[in-house]
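The structure appears right after this line, and notes come after that.
Chain A is the first sequence line, chain B the second, and so forth, proteins listed ahead of strands; every chain is numbered from 1.
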Amino acid sequence: MMLHEVASRSCEPSRRVSGLCIFYNPRMATTNQTLAAFFSQMADVLEILEGDRFRINAFRKITRVLEELPEDVAAIGPEVSKLSKIEGIGKSSAERIAEFLITGKMKDHDELLTKIPPTLLELREISGLGPKTIAMFWKEAGITSKAELAEKLKGDQLSNLPGMGEKKLENLRKSLTFSQTAGGRVRIGQAMPMAKWFVNKLRDLKTVKQCEFAGSLRRGKETIGDIDILVAADAKDAAAISEFFIKLDVVSQVLAHGETKSSVRTTDNLQVDLRVIEPSSFGAALMYFTGSKEHNILMRERAIKQHARLNEYGLYKDDAKTLVAAATEEEVYKALGLAWIAPTLREDRGEIALSEKGKLPALLKLSDIKAELHAHTTASDGMWSIRGLAEAAAEHGLEVVAVTDHSRSQFQANGLDEKRMEKHLVEIRKVADEMKKTITILAGTEVDILSDGKLDYPNSLLSQLDVVVASPHAALTQDPEKATTRLLKAIENPCVTILGHPTGRFVNRREGLSPDMKKIIAAAKARGIALEINANSWRLDLRDIHARMAIEAGVKLAINTDAHGPADLNELQYGILTAQRAGATKDDVINCLPKAELLKWLPSTRS
DNA sequence: GCCGTTTTCGGCCCGACTGTTTTCAGTCG
């Protein structure tokens with residue numbers, strides 16, 4: 001219990017320490033995130049101080065591991081032998097983590113941070129400004145913060161420093177301004193339409209033979225740093241294609257422009273990178289630009305072990321001249337003794353070992369989804385009637401749709417009280433009967449999980465419904481322990497079929513609850529209910545790592561759009577990507593069940 | 001600092017672009 005409190009206790013005072021506070025996201029809730037920030041800062045400081053680059057890389061890796069670790073390290077406990085079992089964490093860092101879990105402090109971290117001015121790390125947020133230049137600015141010009149940099153950039157005060165020509169300074173001015181206004185990574189739901197727009201524009205060119213988006217967008221990550229676009233074309237056409245790209249009307253700024261590589265910022269502040277490559281290298285390049293970086297490094301190391309070399313142009317034998325594979329991703333993986341790995345799995349989470357053994361999961365596809373089990377109508381805050389929803393669902397090729405409007409506590413969303421819900425139920429049954437030849441309409445609710453874990457309707461009403469999605473909407477800042485108790489209580493209610501968006505987070509906007517997911521998953525398993533991946537790109541809740549935990553525990557997932565209107569059904573793609581990132585097959589997801597089986601599964605959760 | 005189907009010591013991915021350089025360092029992905 002003490003350990004669980006460590007994160008919040010150690011975060012709290014840090015916010016009061018002047019200067020230091022800026023490095024902490026005030027919403028940072030978990031021990032893992034706090035520790036990840038510590039290791040990241042140690043890496044940053046070491047870079048500026050020109051420390052050992054392999055040590056820096058080790059800290060960077062630990063940062064990533066901690067950020068993605070599904071389990072709270074506080075729950076693992078301060079035992080060095082257990083902590084050092086985590087991939088990437090050796091004995092010395094296990095000791096640092098244990099020290100933090102016990103005392104709420106990390107001596108090495110604190111000491112390193114005293115070696116630079118506390119605000120110096122702000123400068124890392126400015127693109128084009130790296131550790132070498134930051135160190136020089138600090139030592140040669142006394143710059144220790146963004147504000148001081150801005151001041152010195154106003155005049156010509158930095159032009160006497162080595163390497164600081166007028167153009168460089170002008171770029172720094174722009175980057176600094178941008179870093180002060182930009183919001184960082186954007187939601188996948190924002191990036192995807194823009195990426196598709198660029199891809200379509202480029203595909204219209206006759207000289208473009210293939211065009212795909214790559215990067216974290218292709219891997220289906222919930223947030224995207226920039227959009228990577230890859231074009232296959234003959235070398236002679238590359239320059240013209242790059243020229244076309246940087247002159248598209250949504251481009252507001254050209255960040256870099258070469259023959260084969262260009263980079264722009266769009267009017268809505270997205271960075272888009274274009275790479276033009278020979279068609280014969282398209283597969284190797286697509287692999288390279290899809291990443292992840294960690295996956296690529298493992299692949300290149302694998303190539304080296306096989307006396308070969310892998311880069312974006314292909315896989316070469318050790319004389320670096322004999323091309324072994326390059327045209328398609330499948331070829332390159334095969335040449336390295338691997339089965340093709342889906343982009344959504346390329347995160348260095350064991351996918352290469354699975355591929356080697358031929359044990360990669362058969363990931364589910366969008367077309368495997370047969371049912372939408374969470375959608376709203378005008379009865380609460382939706383935009384369409386029961387019939388309108390059902391028709392739209394049928395047009396999307398679905399066989400089953402559940403009408404799940406909000407319960408009474410969601411008064412701002414026009415939630416239904418018991419009386420209205422009972423009338424609504426009659427109406428749903430009526431429309432269901434009228435449309436039974438088109439689609440199966442189920443009667444349900446998205447019932448609020450109140451802050452104490454009670455549900456917003458009595459079981460006498462809930463038991464009349466086919467689908468009960470129980471979701472938290474309010475009290476989303478309660479502490480992890482309360483949140484866990486709350487959700488466990490809801491899961492134990494015998495009427496619940498699906499736990500909806502379990503954390504209530506909004507990507508990039510609010511943290512939501514941080515319940516003990518291990519306990520939630522175990523309880524869902526015991527009850528036989530499903531955990532939702534809410535596909536809306538604002539939510540994506542469960543997130544990928546938790547969905548993976550659920551699958552590993554044998555818990556069924558539900559992938560629902562939580563649709564309030566026609567556009568929302570298209571968000572299903574993001575739920576699919578998240579499920580794929582968790583390694584889900586169609587057997588893991590109740591929305592993929594054939595109708596007859598789904599109609600049997602739903603009541604089975606009540607027994 | 002971490003890791004081990006050639007290693008407990010000796011490795012640790014690779015190339016493009018920019019801006020300032022006369023051959024390269026810094027940054028990025």
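Atom CD of A:Glu170 and atom P of B:dG19 are 11 Å apart (whole Å). For A:Asp273 and B:dT27, the CG to P distance is 18 Å, given to the nearest whole Å. Going from atom NE2 of A:His257 over to atom P of B:dT18 covers 8 Å, rounded to whole Å. We find that CZ of A:Arg53 is positioned 16 Å from P of B:dG1, with the value rounded to whole Å. Distance A:Leu172 CG to B:dG26 P: 15 Å, rounded to the nearest Å. Here the P atom of nucleotide B:dG29 and the CZ atom of A:Arg219 are 13 Å apart, to the nearest Å. When rounded to the nearest whole Å, the span between CZ of A:Arg275 and C1' of B:dG15 equals 7 Å. Summarising the geometry, the separation between NZ on A:Lys91 and P on B:dC2 is reported as 10 Å, rounded to the nearest angstrom.
Between A:Ser262 and B:dC17 there is no side-chain N or O to OP1 or OP2 distance below 4.0 Å. OP1 or OP2 of B:dG1 sits under 4.0 Å from a side-chain N or O of A:Arg96. Close to B:dG15, at under 4.0 Å from its OP1 or OP2, lies a side-chain N or O of A:Arg309. Between B:dC17 and A:Thr260, a contact under 4.0 Å exists linking OP1 or OP2 to a side-chain N or O. Regarding contacts with the backbone of B:dG15, a side-chain N or O of A:Asn311 is found under 4.0 angstrom from either OP1 or OP2. Applying the 4.0 Å criterion to OP1 and OP2 of B:dG1, one finds that A:Asn57 has every side-chain N and O outside that range. Residue A:Tyr313 places at least one side-chain N or O under 4.0 Å from the OP1 or OP2 atom of B:dA16. Dashed line: the shortest gap from a side-chain N or O of A:Ser263 to OP1 or OP2 of B:dC17 is not under 4.0 Å.
Residue ring and nucleobase are not stacked for A:Phe54 and B:dC2 under a centre distance beneath 5.5 angstrom and an angle between planes beneath 30°.
In terms of position on DNA chain B, the residue among A:Ser92 and A:Pro131 whose nearest nucleotide sits closer to the 5' end is A:Ser92. Summary of the strand contacts: A:Glu301 and A:Asp228 both lie near DNA chain B, and taking for each the nucleotide with the nearest heavy atom, the more 5' one is attributed to A:Glu301.
Using modelled atom types, one finds a donor on one side chain and an acceptor on the other under 3.5 Å when comparing A:Ser93 with A:Arg96. Side chain to side chain, A:Asp273 and A:Ser263 meet the donor-acceptor criterion of an N or O pair below 3.5 Å. No donor-acceptor contact under 3.5 angstrom links the side chains of A:Ser145 and A:Glu122, judged on distance only. Neither side chain, A:Gln190 nor A:Ser537, offers a donor N or O lying under 3.5 Å from an acceptor on the other.
A:Ile89 comes within 4.0 angstrom of the backbone, heavy atoms only, and of no base. Looking at heavy-atom distances under 4.0 Å, A:Glu95 makes no contact with the nucleic acid at all. Residue-level contact check: A:Asn296 touches neither bases nor backbone, having no heavy atom under 4.0 Å from any strand. The residue A:Pro162 sits apart from the nucleic acid: no heavy atom pair falls under 4.0 Å.
Under the Watson-Crick or G-U wobble criterion, with both distances below 3.5 Å, B:dC9 is paired with B:dG4.
Comparing B:dC2, B:dG26, B:dG29 against the side chain of A:Ser93 picks out B:dC2 as the nearest. The side chain of A:Lys168 approaches B:dG19 more closely than any other nucleotide in the set B:dG1, B:dG19, B:dC14. Of the candidate nucleotides B:dC14, B:dT20, B:dT18, B:dT18 has the atom nearest to the side chain of A:Asn171. When distances are taken from the side chain of A:Lys293 to each of B:dG29, B:dC14, B:dT7, the shortest belongs to B:dG29.
On a pure distance criterion of 3.5 Å, no polar donor-acceptor pair joins the side chain of A:Tyr288 and the base of B:dG15.
Tested against A:Phe39 for a side chain to side chain contact (heavy atoms under 4.5 Å, CB included), the candidates A:Lys61, A:Arg60, A:Met106 yield a single pass: A:Met106. A:Glu170 pairs with exactly one of A:Arg173, A:Lys168, A:Lys167 by the side chain to side chain donor-acceptor pair (under 3.5 Å) rule, that one being A:Arg173.
Nucleotides B:dT8 and B:dC3, compared at atom P, are 16 Å apart to the nearest Å. Taking atom C1' in both B:dT20 and B:dG26, one finds a spacing of 11 Å when rounded to whole Å.
Two residues are said to be in side-chain contact when any heavy atoms from C-beta on lie closer than 4.5 Å; A:Thr266 and A:Leu248 fail this criterion.
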